[in-house]
Student: 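Okay, handing you the structure first.
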Amino acid sequence: MKRKKWIILGVTAVVIVSGGFWGYSKLTAKPVTASAIPGKARYGDVQKVISATGAVKYPQLIPLSFQQGGKLVVLNAKVGDRVTQGQVLAQLETDSLQLSVTQAQANLAIAQVKLNQTLGSADSSVYSTLATAEQNLSQATQNLATARQNADPANLNNKVNIAKQNLTQAGKDLAAAQLAQDAGQIQGAQGKLAQAQQDLTAAESALNGGAAQALAAAEAQYNAAQAKLKEAQEQVNQYKQGKPSADILSAQASVAQAQSSLATAQTNLDNAIIKAPADGVITSVSVENNQNVDKTTIMTLAADSGNFQVDAVIDQADIAQIKSGQKADITLDTAPNVHISGAVTSVDLQGTSTQNVTTYKAEIQLDQTSDLLRAGMNVNVGIVLAEAKNVLTIPSEAVRRMGERTMVLVPGAAPTGTNAGSTGGNSNRGSGQTSGTQSQQNNPGAQSRSGAGAGAAAAAIPSGIDAHLVPVEIGLDDGTNAEVKIGLTDGQEIIIGVRSATTTNRSTSGFPGSGSSGQNVGQFNRAIQGR
């Protein structure tokens with residue numbers, strides 16, 4: 001019993017000491033206090049940008065190849081060479097081809113002599129008319145073949161593209177000459193620009209119906225030549241009182257055959273030479289000199305349109321906001337501080353799906369060249385949807401919502417006579433209430449809205465925060481900075497947020513939710529955001 005008594009006394013003493021220590025800790029603990037995170041309104045730029053990735057490419061790559069196989073004896077281009085339209089880039093061995101042309105020319109001359117000799121036995125006027133008709137038909141046949149080739153849609157589009165590139169380059173050359181203030185160069189550049197414009201007009205006219213009209217005219221000429229030939233033949237027949245002799249028909253057939261052989265030989269000779277179809281840069285060469293080649297592509301020409309192009313990959317959630325003409329900013333991971341400007345030129349209507357993710361391509365034409373870029377490089381792309389330059393800005397997190405109103409918390413007491421929206425903090429809470437009362441008397445319908453809202457906001461401002469709310473009009477907001485149209489001035493101090501400190505000196509940024517003051521901070525945050 002005695003031992004039990006001492007145990008009870010010991011436990012009682014521990015409880016009393018522990019309770020006293022707990023009470024002392026509570027009485028001496030420092031209360032949670034709140035402090036403002038300061039900021040200032042400053043002039044700057046605000047941009048709403050969609051970020052994407054992209055790849056650098058040449059705007060137009062032209063594959064070049066021979067139309068026949070043979071031994072390569074001339075190679076005048078290597079990767080990186082800048083070439084001009086019409087420049088000979090490669091050539092096959094042409095000795096045998098040139099010999100074929102010469103032989104075909106001789107055969108045609110012989111056939112024509114034999115035909116003339118055969119026709120000489122008949123009346124010269126009749127057979128002269130027939131010979132003229134045959135020559136006219138031969139020429140009309142060649143004209144028709146040329147017109148059909150010129151009316152080919154792919155050929156027409158290619159000529160328009162080349163003419164546009166030449167016009168762009170001529171404009172740049174003129175601008176460079178004017179910048180250099182060289183009268184001779186300016187005059188020459190103006191002449192080239194005028195010629196390039198005429199070439200583009202002609203190419204576009206051909207594409208828009210001119211080639212079709214020329215084809216129709218060639219067909220009409222061919223039909224007329226056929227009719228004339230038939231008439232001449234009938235005249236000869238009437239003169240001979242019968243059909244032309246076998247000798248005449250054979251001689252005529254020999255001339256036609258010789259003409260066809262000459263055309264084929266000349267085409268083969270022309271196809272053994274590759275000439276640059278436009279000004280540009282050689283991007284690839286896959287053969288070496290003295291090598292036997294076939295009809296495959298041996299080199300690639302990047303038509304000179306000025307600058308590179310970037311194909312940006314846009315997520316389907318953003319593609320509806322991308323339009324032609326929007327500005328773009330291009331950067332590289334290896335040179336993040338170098339910005340290359342450009343503009344969106346086209347946006348795909350058909351997307352590409354990979355693993356259930358659909359993306360769209362937007363083509364961006366760069367405004368200037370850069371030694372940092374190479375075809376095939378991956379780049380970072382920022383497409384500007386909207387921007388405001390040199391405007392008053394504040395951090396986006398400083399903007400608060402109270403119902404339909406937009407507010408910013410400003411240090412200090414509200415100026416005398418402000419409305420209920422500018423609610424004072426702890427140090428001038430009475431002033432804020434008075435101002436709110438006056439506003440409510442002037443507008444009784446707003447009492448439940450502005451008065452109650454102002455009171456809630458004022459009551460929610462944490463202890464130690466001397467501030468009031470200022471109504472503002474916000475423009476463009478990019479999520480980091482917001483444009484302030486009305487309500488603040490340059491350099492004016494604002495409160496971005498509130499932080500609270502505990503008794504152990506631990507601090508938390510934002511709006512903590514624990515402790516009495518922490519509850520006030522959270523309540524304040526909800527109130528000024530209209531929650």
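Not measured: the values here are computed from a predicted model.
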Student: Quick check for you: to the nearest 0.5 Å, what is the distance between Ile495 atom CD1 and His468 atom NE2?
Tutor: 9.5 Å
Student: Looking at every non-hydrogen atom in both residues, tell me the closest pair between Ile496 and Glu397 and how far apart they are.
Tutor: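 Reported closest heavy-atom pair: CG2-CG, 3.2 Å.
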Student: Residues two or more places apart in sequence or in another chain: which of them pass ring pair (Phe, Tyr, Trp, His ring centres under 6.0 Å) with Tyr360?
Tutor: none
Student: Would you mind reporting whether Ile383 and Ile314 have side-chain heavy atoms less than 4.5 Å apart?
Tutor: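 Heavy-atom side-chain distance check passes, below 4.5 Å.
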Student: Taking only residues two or more places apart in sequence or in another chain, which ones pass salt bridge (charged side-chain N to carboxylate O under 4.0 Å, His left out) with Asp81?
Tutor: Lys78
Student: Kindly compute the distance separating CD1 (Ile330) from OG (Ser370), expressed to the nearest 0.5 Å.
Tutor: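 Answer for the CD1-OG pair, Ile330 versus Ser370, is 11.0 Å.
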Student: Roughly how far, to the nearest 0.5 Å, is the CG atom of Leu301 from the OH atom of Tyr58?
Tutor: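 If we round to the nearest 0.5 Å, Tyr58:OH and Leu301:CG are 10.0 Å apart.
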Student: Do any pairs count as a side chain to side chain donor-acceptor pair (under 3.5 Å) and have a residue in residues 310-322, sequence neighbours left out, and if so which ones?
Tutor: Lys57-Asp311, Gln309-Asp311
Student: Enter the distance from Thr489:OG1 to Leu392:CG here, rounded to the nearest 0.5 Å.
Tutor: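 Answer for the OG1-CG pair, Thr489 versus Leu392, is 7.5 Å.
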Student: Keeping to residues at least two apart or across chains, list the side chain to side chain donor-acceptor pair (under 3.5 Å) pairs with something in residues 42-54.
Tutor: Gln47-Glu387
Student: Return the CG to CG distance between Asn166 and Asp173, rounded to the nearest 0.5 Å.
Tutor: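 Answer for the CG-CG pair, Asn166 versus Asp173, is 10.0 Å.
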Student: Provide the full list of salt bridge (charged side-chain N to carboxylate O under 4.0 Å, His left out) pairs with a residue in residues 472-486, sequence neighbours left out, each pair given once.
Tutor: none
Student: How many angstroms lie between atom CG of Asn76 and atom CD1 of Ile274, to the nearest 0.5 angstrom?
Tutor: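 Result: 11.0 Å between the selected atoms.
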Student: With a 4.5 Å limit on heavy-atom distance, are the side chains of Leu64 and Leu89 in contact?
Tutor: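 Leu64 vs Leu89: side chains touch.
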Student: Would you be so kind as to tabulate the donor-acceptor pairs closer than 3.5 Å made by side chains of residues 337-355, with sequence neighbours excluded?
Tutor:
| from | atom 1 | to | atom 2 | distance (Å) |
| --- | --- | --- | --- | --- |
| His339 | ND1 | Asp329 | OD1 | 3.1 |
| His339 | ND1 | Asp329 | OD2 | 2.8 |
| Ser341 | OG | Asp367 | OD2 | 2.9 |
| Ser341 | OG | Gln368 | OE1 | 3.2 |
| Thr345 | OG1 | Glu363 | O | 3.2 |
| Ser346 | OG | Glu363 | OE1 | 3.2 |
| Ser353 | OG | Thr358 | OG1 | 2.9 |

Student: Any donor-acceptor pair under 3.5 Å linking the side chain of Asp279 with the backbone of Gln85?
Tutor: yes
